[in-house]
Amino acid sequence: MARAGRSPARRRRVPPSLVGLAWVSPWLVGFLAFFAVPMALSLYYSLTDYPLLEPPIYVGAQNYRDMLHDGVFRLVLVNTLIYAAFSVPLGTVVALVIAGLLNQRVRGVSLFRAAVFVPTLVPIVASAMVWMWLFNGELGLINQFLIHVVGTTHPPNWLGDKAWALPALVVMSLWVVGQPVVIYLAALQDVPVQLYEAAALDGMGPARRFWHVALPTISPVVLFNVVILTITCWQVFAVPFIMTEGGPDRATYFYTHYLYDNAFLYQKMGYASALAWVQLLIILVLTGVMFLVSRKLVHQRSA
């Protein structure tokens, strides 16, 4: 009995650091397997000529030098820049306006909130197929409305015309505006009521209260959504790939689509990896610029 009583005391205690590592090991394994190792391999492949079916051959910075003379690279860069330049401001303004309207105390507002958010639950492929029908040049609902209601005699061939294809995709990007709307709505409901009351006493109407009181207060949330939307726009792929396949005449040929083609269509994995790292650099630079600008525009509320 004495030995049995002393045996637990003689057991070697496991260091707390090892216990902590054991608890976080699933995350560490996932981080290494699905993030750190793939990124390291991608960086290595960007310095090689890698046709997928043969071993990679080290070529140094040749892939990056090739981008300077790649006309298609410049085209997709401009297309993606134009798409982001219109989608980000338009999506932000529309989301803020809808959130402001849904923040009112009116009958049935919960139904409208659900209606705005539901499109974000629809799979991307299904949404793209629906919008392909809406933008159809002959039988599409949008053109039928323009012909029979507005009286347009020659409605645009949205996805078949080089001048209208990119604007059509910008409009289609508003389909998933419900996600930022929910975030903006939560932020608006967190604005102190005292600020609204003080503004009302100063004679401000609803629009001025939103502009001078609500918007500065939720500006950190606006910055968050703008950064997320910018990253999303620079990585857009599935919708234009399904709806236009980059056409017509490469008018909707975006950066990620070109990266995908190089990797899996042209079997130039090294060049595709270099494109991916340039894309990451562009996103980091844009994000850094937005954070620098936000120092003067974003209101940091004290605790």
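Heavy atoms only: backbone and side chains are in, while hydrogens, waters and symmetry mates are out. Predicted model, so just to flag it, every value in this text is computed and none were measured. Counting from 1, the numbers follow the sequence of the chain as shown.
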Problem set entry | Main-chain N/O of Glu138 paired with Asn143 side-chain donor or acceptor, under 3.5 Å | no
For this session: Enumerate the residue pairs fulfilling side-chain hydrogen bond (donor to acceptor under 3.5 Å, both in side chains) with a member in residues 101-130, sequence neighbours excluded, ordered by first and then second residue.
Result: Ser127-Trp175
Exercise. Is the number of heavy atoms from other residues, nucleotides or ligands under 6.0 Å of Phe112 CZ greater than 12?
Worked result: no
Problem set entry | Among Val76, Leu169, Leu259, side-chain contact (heavy atoms from CB on, under 4.5 Å) partner for Phe254 | Leu169
Seminar exercise, completed: side-chain contact (heavy atoms from CB on, under 4.5 Å) filter on Val19, not counting sequence neighbours, yields Val14, Trp23
Exercise. With clusters built from Ile, Leu, Val, Met, Phe, Trp and Tyr whose side-chain heavy atoms come within less than 4.5 Å, directly or transitively, what are the remaining members of the cluster of Phe34, listed by chain and number?
Worked result: none
Exercise. Is Tyr45 reachable from Trp277 through a run of I, L, V, M, F, W or Y residues, each pair having side-chain heavy atoms under 4.5 Å apart?
Worked result: no
Exercise. Can you list the other members of the hydrophobic cluster that holds Leu297, where links are side-chain heavy atoms under 4.5 angstrom apart?
Worked result: Leu281, Val285, Val289, Val293
Exercise. Hydrophobic cluster mates of Val193, side-chain heavy atoms under 4.5 angstrom, ILVMFWY only, any path?
Worked result: none
Exercise. Is the gap between the ring centers of Phe241 and Tyr260 under 6.0 Å?
Worked result: yes
Problem set entry | Sequence-distant partners of Phe31, ring-ring contact (aromatic ring centres under 6.0 Å, His included), two or more places apart | Trp27, Phe35
For this session: Answer yes if the side chains of Ser273 and Ser46 hold a donor-acceptor pair under 3.5 Å, and no otherwise.
Result: no
